[in-house]
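Atoms within each ligand, like the ligands themselves, are counted from 1 in listed order. When reading the values below, keep in mind they use all heavy atoms of this one structure, side chains included, and skip hydrogens, waters and symmetry mates.
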Amino acid sequence: MRHVRTITENDCNRQAGEGPASPSLRGTAAPPGTLTAVPQADQTSPESFPGPPRPARVTPVPLAELARLLDADDPGAPVGGALAEAGDVKAVSVTGITHDSRAVRPGDVYAALPGARLHGADFVEQARTLGAAAVLTDPGGTERARATGLPVLTVPDPRGRMGELAAAIYGRPGEDLLQIGITGTSGKTTTAYLVEGGLRKAAEKEGGLTGLIGTVESRIGDERIKSERTTPEATDLQALFAVMRERGVGSLAMEVSSHALVLGRVDGCVFDIGVFNNLSPEHLDFHPDMEDYFQAKRQLFTPRRSRAAVVNFDDEYGFRLLTELKEEGFPVVSFSAEGHPDADWRAEDVELGPLGSTFTAVGPDGQRVPGGVPLAGPFNVSNALAALTALVSAGIDPHTAAEGIASVPGVPGRLQRVDAGQDYLAIVDYAHKPDAVESVLYAVRKVTDGAVHAVLGCGGDRDPHKRPAMGAALARLSDTAVLTSDNPRSEDPLAILAAMLGGAAEVPAHERGTVLLEEDRAAAIRAAVARAEPGDSVLVLGKGHEQGQDIAGVVRPFDDVEVLREAIRERTHSAVPAPAASPPPATPSSPVPPSPPPHPDLSTENHRTDDQNR
Ligand SMILES: CC(=O)N[C@H]1[C@@H](OP(=O)(O)OP(=O)(O)OC[C@H]2O[C@@H](n3ccc(=O)[nH]c3=O)[C@H](O)[C@@H]2O)O[C@H](CO)[C@@H](O)[C@@H]1O[C@H](C)C(=O)N[C@@H](C)C(=O)N[C@H](CCC(=O)O)C(=O)O
Ligand SMILES: Nc1ncnc2c1ncn2[C@@H]1O[C@H](COP(=O)(O)OP(=O)(O)OP(=O)(O)O)[C@@H](O)[C@H]1O
Ligand SMILES: N[C@H](CCC[C@H](N)C(=O)O)C(=O)O
C-alpha cells in the first residue's frame, strides 16, 4: 500500500503463536483483550509521500472558487478580502490541502497557521519547494507567504476556515459516510472499536466497508494506519474521509477529542450521531476549568456538528447534557449501564467476568437484546451500551449491533491481558487520568482473589494537576503501587514522581498499599512482577498501546506489553520465589514512605471499606 503508513502486513503485528499475519483483524485465534497495537510509529514506505493518506483521485478545484468560498462566508476579511489577496488566481487549481509544510504535495494549498509555538508562515518556502499551489494564512503570515510568489489567501482565522476548505477540495466526502463521533474523557477509543464492530456486522449483511479513526490507529476496512493523535487535523481528516469513500467505506466510528472541537479539527463534518460517554478532570492545562472542558465537548451536540445525540444517563455531566438537549429540542437518546429506568436504553442482568461481561440491553419499547463485551470492568458495559445505543440510533438492527459489539477481538492496550503461562493475571491498560485509574483498579480488584500490584507514571508536558490524584488513587487502591515514569517528555521525571508521591502520601497510611518509587519503567514493571503470587494481578497502566517512551524529546521503543511479557518470562525462568512478606529495603531509587504491612495482609486487612474495594 503506497502513500499510507500501513501496518496491516507487518509481521510484528501478531501475537506469538498465531498463524501467518492476517490482513484482517477478524478470525484470529487470539483470546479477547489481546489485540496488538500498531507496531511502528514511523513506518513509511520509501516511495510514499510523508504524512497521512490522500485520495488517489481529486478533481482539481480552481483557486478562485476557494477564494470565493472564503469571501462569501467572510465578508469582513481584511485588505479587500481573500480574493483580492489571491493574485492571478484564474490560472491556479488545487488538488489538496495541508497545514504541515513537511506534508505538502504538488497542487496543495498550504495552510500556514499561527500556533502556540510557531507560525506556519515560517515554513512557506519549504511548502513552495514541495509544490504548493497557494498559501492560506492570517494577516500575520501574509507578507512571508507573498515573498514566495505564490497566490495568498488571507483570512483572520485560517484554522477556523481550513476544515470547510478541505471538505470543498475533496468533494465533501463526509456526506457519503455514515459517521458516528464519540467524545468523553474516558472510553472514546474503546467505544469507537465497539461501534466499528457493530458497523462491520451490519456491513457484512448489507455490503460495504467500515472505517475507524482514533488514538491507536485509523482503519480503512482491514487496512490499519498509525495515528498521530486522537482526532486528525481537519486537512488530514477530510483527506482520510475521501480515501475511505474512494475505497468503498460506507460507515465509520471516530473519536472526537476536546482539542479537536476547540481547534476546528472536525470543522466540515456533521456527525449522524454524536456520543457522550463521561467527563472527569483531564486536560486542565488546555482548558482553564471543568466548565470550559464541558463546553468544549458540548460543541459536538449542536446542529452544526451532529444530527442526533446519544448520552450517558449515569454520568453527572451526561445527565446535565441530556437535560439541556431535551430543553433545546435536540434529538437525544440516553443509556444507563446502571439500569436506570428513566434512560431509553438500560443494562439489566449484568454479569461481570475477568475477560468480559454479559448483559441484557432493554430498549425504550421494552425490547430485550442479549449483549456482551469482550473487555472486563463495569465501565466497559457502559461503553458497550453506548455503542449499542449509537448503532441503533443510526438505524442498525439491535441484534446485529449487539452481535458485532460482542465479536470485537479486543482493543489494543485497553485491559489487554498478557499471558506468558503465569498463574496470576497480567494486564496492560491505558488509564492515564484519575478517574480511569480508579475505574480500572476497581474492575481488576473485583476479579482478583489475591493482591493487586500496579505500575503507573504521569506524562510530562501534560496536565500537572492530575498527578497527585493519580498517585493517590494508585496508593489507595492497590496492594503494591509502583510509581514510575510515563513519557516524561521535556520534564524532569523525578519532579513528576514527586508530585505523584505527594498525592500518595496524602492517603492515610492505613488506607494505602506499599508504595515503591522506580524511575525506570522497565525496572518498575519487573518490581511489580517480582511481587506477584498465584491469584494476584499485575497491572501496568498509562501507556497502553504506545510503542515508544519519550524522554527529553527522544522517543525510544518501549511497549508495555512486551516489557511485561519479558518480565514475567524472566521471573518464571529464574524461578525466584516471590519475596517474603516484607517490603524491600528503601534504596535511592525506591525511597519508600512509611508503608503498611505487605499485601497478604493488605488484601484482607488493609482497612479498606467494601466501597473502596467495589
Ligand atoms: C494544543 C494542540 O493540540 N496543539 C496542536 C496545534 O499546535 P499549534 O497550533 O500550537 O502549532 P505549532 O506547533 O505552534 O505550529 C504552528 C503551525 O506550524 C506548522 N508547522 C510546524 C513545523 C514545521 O516544520 N512545519 C509546519 O508547517 C504546524 O503544522 C502548525 O500548523 O497544531 C499542531 C499541528 O497540527 C499540533 O501538532 C499540536 O498538537 C500538539 C502537539 C499536541 O500534543 N496535541 C495534543 C495535546 C492533542 O491534540 N491531544 C488530543 C487528545 C486528547 C485526548 O483525548 O486525550 C488529540 O486529539 O490528539
Ligand atoms: N467508560 C469509562 N469510564 C471510566 N474509565 C474508562 C472508561 N472506558 C475506558 N476507561 C479507562 O480509560 C482508559 C482509556 O480508555 P479509552 O482509550 O477507551 O478512552 P479514551 O477516551 O479514548 O482515552 P484518551 O482520550 O486518553 O485516549 C482505559 O484504558 C480504561 O482504563
Ligand atoms: N491523549 C493523551 C494521551 C496521554 C498518554 C500518556 N501516556 C501520556 O503520555 O501522558 C495526551 O496526549 O494527553
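Ion pairing between Asp285 and Arg462 fails under the 4.0 Å rule for side-chain N and carboxylate O. With respect to Glu196 and Arg200, a salt bridge is recorded, a charged nitrogen being found less than 4.0 Å from a carboxylate O.
Close contacts between ligand 1 and Leu263 involve ligand atoms 2 (C), 3 (O) [criterion: under 4.0 Å to a heavy atom]. For ligand 1 and Lys188, the ligand atoms under 4.0 Å from any heavy atom of the residue are 54 (O). Counting the atoms of ligand 1 from 1 in the order shown, those under 4.0 Å from a heavy atom of Thr231 are 57 (O). Listed by number with element, the atoms of ligand 1 under 4.0 Å from a non-hydrogen atom of Arg117 are 10 (O), 13 (O), 14 (O).
Closer than 4.0 Å to atom 42 (C) of ligand 1 lies none of the heavy atoms of the protein.
At least one heavy atom of Arg462 lies less than 4.0 angstrom from ligand 1.
If you check which protein heavy atom lies closest to atom 52 (C) of ligand 1, you get His283 NE2, 3.3 Å.
The closest donor-acceptor contact from the side chain of Asp108 to the backbone of Val104 lies at 3.5 Å or more, if one exists at all.
Residues Phe319 and Phe313 bring their aromatic ring centres within 6.0 Å.
Near ligand 3, His283, Tyr430, His432, Gly459, Arg462, Asp486, Asn487, Arg489, Gly542, Lys543, Glu546 each place a heavy atom less than 4.0 angstrom from the ligand.
At under 3.5 Å, a nitrogen or oxygen of Ala116, whether backbone or side chain, sits near a nitrogen or oxygen of ligand 1.
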